[in-house]
Amino acid sequence: MRLARSIADQHAFSAEVVMAALVQIFGEEIPAQARIQQVIANAVSHFDEEKSLSVTVSTEDYELIREVEFGPRIKFLPSKDLTSGGCHVEDGETKLDASIETVFDRLYQTLSASERAAS
């Protein structure tokens, strides 16, 4: 029983190490403005092209993208509650959480599930 718990702890630790590495890689390899533009473009692509959207980003990212033209249907809002690199998109009916925490949490869950399945 102790051995199984130790192995499970090692797998969880491995997933945490991978997550930390991804944060470092994605945080440093891509320029901040290009990174947030890609995140926003990806998140917005999940919505109907005719609907007006509110895109909430961190105050830091707001300063980077407020001059970028995404079209008249998109309104940007700054938030102190979001981590740089993520966003929330809303169309009045639907909200998409593309925050860094949510994206990495999903990745962590997937990695953890893969590790459990492999043992």
Which atoms form the tightest heavy-atom contact between [X] and [Y], and what is the distance?
| X | Y | value |
| --- | --- | --- |
| D91 | T94 | OD1-N, 2.7 Å |
| G86 | I36 | O-CD1, 3.7 Å |
| G85 | I100 | O-CD1, 3.3 Å |
| H88 | A98 | CD2-N, 4.3 Å |
| S84 | D61 | OG-OD1, 2.8 Å |

*Looking at side-chain heavy atoms only, is the closest gap between T59 and E63 below 4.5 Å?*
no

_Intermediate values then yes/no, side chain to side chain contact (heavy atoms under 4.5 Å, CB included), K95 and V89_ = CA-CA 6 Å; K95 180 177 181 179; V89 182; over 6 Å; no

*asked:* Between I40 and F76, is the side chain to side chain contact (heavy atoms under 4.5 Å, CB included) condition met? List the steps.
replied: CA-CA 10 Å; I40 292 167; F76 289 104; 3.7 Å; yes

First locate atom [atom1] of [X], then atom [atom2] of [Y], and finally report the distance between them rounded to the nearest 0.5 Å.
| X | Y | atom1 | atom2 | answer |
| --- | --- | --- | --- | --- |
| D81 | S99 | CG | OG | 11.0 Å |
| D48 | E93 | CG | CD | 9.5 Å |
| T56 | D97 | OG1 | CG | 10.5 Å |
| F47 | L96 | CZ | CG | 5.0 Å |
| L82 | E60 | CG | CD | 12.0 Å |
| L53 | F70 | CG | CZ | 11.5 Å |

*Would you say S45's side chain and N42's backbone share a donor-acceptor pair under 3.5 angstrom?*
yes

*asked:* Test your reading of the model: is there a side-chain donor-acceptor pair from E90 to the backbone of S54, 3.5 Å cut-off?
replied: no

*Would you check, one step at a time, whether the test side chain to side chain contact (heavy atoms under 4.5 Å, CB included) holds for V55 with K75?*
CA-CA 6 Å; V55 178; K75 177 182 177 185; over 6 Å; no

*Is I74 reachable from L77 through a run of hydrophobic residues whose side-chain heavy atoms are each under 4.5 Å from the next?*
no

_If you apply the rule salt bridge (Lys or Arg N to Asp or Glu O under 4.0 Å), what do you find for E49 with R73, and how did you get there?_
CA-CA 9 Å; E49 291 183 13; R73 75 184 191 113; over 6 Å; no

